[in-house]
Amino acid sequence: MKNIPMDLLRTFTTINDLGGFTPAGDLLGRSQPAISLQVKRLEELLDVQLFNRVGGLQLTEEGRVLYSSARKILEMNDTVVSRLSTPSVSGSVRLGTPNDFEVSFLPVLLSKFSRAYPDVTLDVTSDVSINLRDGYKKGSYDLVMTMDEYPEHGFAEEDYIVETLSWIADPGFNLNNSQPVPLVLYPQGCIYRKHITDALNKANIPWRVLYCSSSLLGIQSAIKAGLGISALVLNTIPDTFQAEKTYSDLPELGKVTIGFNYDQNNLSPAAALLLDFLRRGLKQSQSYPASLKIPQDSGNSLLTVR
């Protein structure tokens with residue numbers, strides 16, 4: 001029986017996730033020739049061709065079979081390493097997260113964390129960022145993941161990423177230029193709402209709020225029903241919600257920061273482990289968000305309006 005080296009599998013899956021040898025090398029800290037050599041070694045070991053390089057980098061049929069299994073193998077490997085390389089930890093962590101991340105990559109990360117540290121209980125609450133920060137200051141959370149302005153924000157250098165806001169709408173929705181732009185928004189205090197209304201006001205484009213909800217499900221349902229348009233950061237929009245269409249009259253919405261608020265001196269061992277786990281996962285979501293997202297129902301897709 002042949003044994004497949006774990007580093008070859010990790011290189012192979014990363015190439016497919018990022019869509020190229022060079023970005024995979026950047027993420028893994030290897031040169032492009034070294035990445036190519038690892039793929040060659042893997043193909044020779046298995047005696048198959050994994051990538052079809054004609055017309056773009058695509059997986060062959062054998063490559064798709066290997067990719068599905070490789071992801072499971074790597075996840076099992078990483079879970080075991082996490083369990084055995086750190087002391088046994090138990091306790092409860094009160095975590096606050098933005099509403100938008102309820103159906104993006106965050107539940108997947110929390111599931112992986114729970115499997116790696118089964119003795120840690122997670123108490124997770126989702127809300128708009130301003131409420132999360134207020135709750136943290138009052139002692140309601142051990143750790144909160146929130147959104148803030150860019151470039152001014154309150155996060156430490158290693159604790160945040162920068163993301164772009166994108167308009168979203170139902171595929172069948174059409175803007176009527178003779179009417180105010182219909183908006184589906186979170187309540188006052190939401191950073192998305194501020195960026196949307198500020199951008200429209202600056203562009204002298206009239207608008208009105210047709211639906212307001214603190215629930216992500218409510219926001220998405222209203223958009224699917226055609227009530228209006230809204231915006232999300234790119235790494236929280238499921239791939240099945242994205243499409244090719246442009247409303248050139250709408251202004252750009254700018255960028256926001258996503259990061260963590262915590263007190264290093266008062267973090268429990270369980271909370272410190274969770275913070276490190278989420279910090280790494282958040283940074284990875286910039287590189288290949290699609291691989292970390294929860295699959296969505298493709299029957300009702302949203303449209304990313306760029």
Side-chain angles (χ1 to χ4, degrees), residues 17 19 55-56 58 97-108 126-129 147 162-256 258 285-306:
D17 288 336
Q58 300 293 330
T97 66
N99 289 336
D100 295 25
F101 291 84
E102 290 178 308
V103 293
S104 63
F105 63 89
L106 189 58
V108 177
S126 296
D127 205 336
V128 295
S129 292
M147 298 186 184
V162 179
E163 278 288 352
T164 301
L165 276 172
S166 175
W167 294 100
I168 57 173
D170 183 77
F173 182 83
N174 291 305
L175 279 178
N176 185 343
N177 292 332
S178 65
Q179 299 291 328
V181 175
L183 299 177
V184 176
L185 300 177
Y186 283 113
Q188 290 283 356
C190 171
I191 193 170
Y192 292 172
R193 181 174 181 140
K194 181 178 184 300
H195 276 249
I196 291 169
T197 56
D198 285 355
L200 291 174
N201 288 337
K202 187 175 181 180
N204 294 317
I205 297 176
W207 54 271
R208 59 175 177 154
V209 178
L210 278 189
Y211 188 89
C212 179
S213 174
S214 59
S215 163
L216 175 61
L217 178 60
I219 294 290
Q220 292 185 350
S221 297
I223 294 172
K224 290 177 182 179
L227 287 178
I229 65 175
S230 191
L232 292 173
V233 291
L234 290 178
N235 73 347
T236 66
I237 303 173
D239 289 345
T240 53
F241 284 10
Q242 299 186 30
E244 296 292 334
K245 188 171 180 180
T246 300
Y247 288 154
S248 57
D249 293 336
L250 293 179
E252 293 186 359
L253 297 173
K255 300 179 178 181
V256 296
I258 308 169
S285 75
Q286 283 190 298
S287 301
Y288 43 99
S291 66
L292 291 172
K293 289 173 180 172
I294 295 177
Q296 300 294 315
D297 178 9
S298 59
N300 293 304
S301 63
L302 292 183
L303 176 69
T304 300
V305 186
R306 302 175 187 266

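Quick note: residue numbers are just sequence positions, from 1.
- Here Thr97 pairs with Ser126 under the side chain to side chain donor-acceptor pair (under 3.5 Å) rule; sequence neighbours left out.
- In this view, Phe101 and Phe105 satisfy the ring-ring contact (aromatic ring centres under 6.0 Å, His included) rule, not counting sequence neighbours.
- Across all non-hydrogen atoms, the minimal contact from Pro98 to Met147 is CB-CE, 4.3 Å.
- Residues passing the side-chain contact (heavy atoms from CB on, under 4.5 Å) test with Ser213 are Tyr211, Ser215, Ile219, sequence neighbours excluded.
- To the nearest 0.5 Å, atoms CG (Leu227) and CG (Leu210) are separated by 6.5 Å.
- Here the shortest heavy-atom pairing between Leu175 and Pro182 reads CD2-CD, 4.1 Å.
- The closest side-chain heavy-atom distance from Asn99 to Val128 is below 4.5 Å.
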Side-chain polar contacts of residues 197-205 - donor-acceptor pairs under 3.5 angstrom, sequence neighbours left out - could you list them?
| from | atom 1 | to | atom 2 | distance (Å) |
| --- | --- | --- | --- | --- |
| Thr197 | OG1 | Arg193 | O | 2.9 |
| Thr197 | OG1 | Lys194 | O | 3.4 |
| Asp198 | OD2 | Lys194 | NZ | 3.0 |
| Asn201 | OD1 | Trp207 | NE1 | 2.7 |
| Asn201 | ND2 | Thr197 | O | 3.1 |

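- Closest approach of Ala231 and Leu253 over heavy atoms only: CB-CD1, 3.4 Å.
- Under the side-chain contact (heavy atoms from CB on, under 4.5 Å) criterion, Ser221 pairs with Leu217, not counting sequence neighbours.
- Listed here is the closest heavy atom pair of Ser214 and Pro187: CA-CD, 3.8 Å.
- Partners of Asp100 according to the side chain to side chain donor-acceptor pair (under 3.5 Å) rule, which considers only residues two or more places apart in sequence or in another chain, are Tyr186, Tyr192.
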Side chain to side chain contact (heavy atoms under 4.5 Å, CB included), that's the test. Do Leu183 and Ile229 meet it? Break it down for me. CA-CA 5 Å; Leu183 299 177; Ile229 65 175; 4.1 Å; yes
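- Under the 4.5 Å side-chain criterion, counting only non-hydrogen atoms from C-beta, Ser230 is in contact with Ile196.
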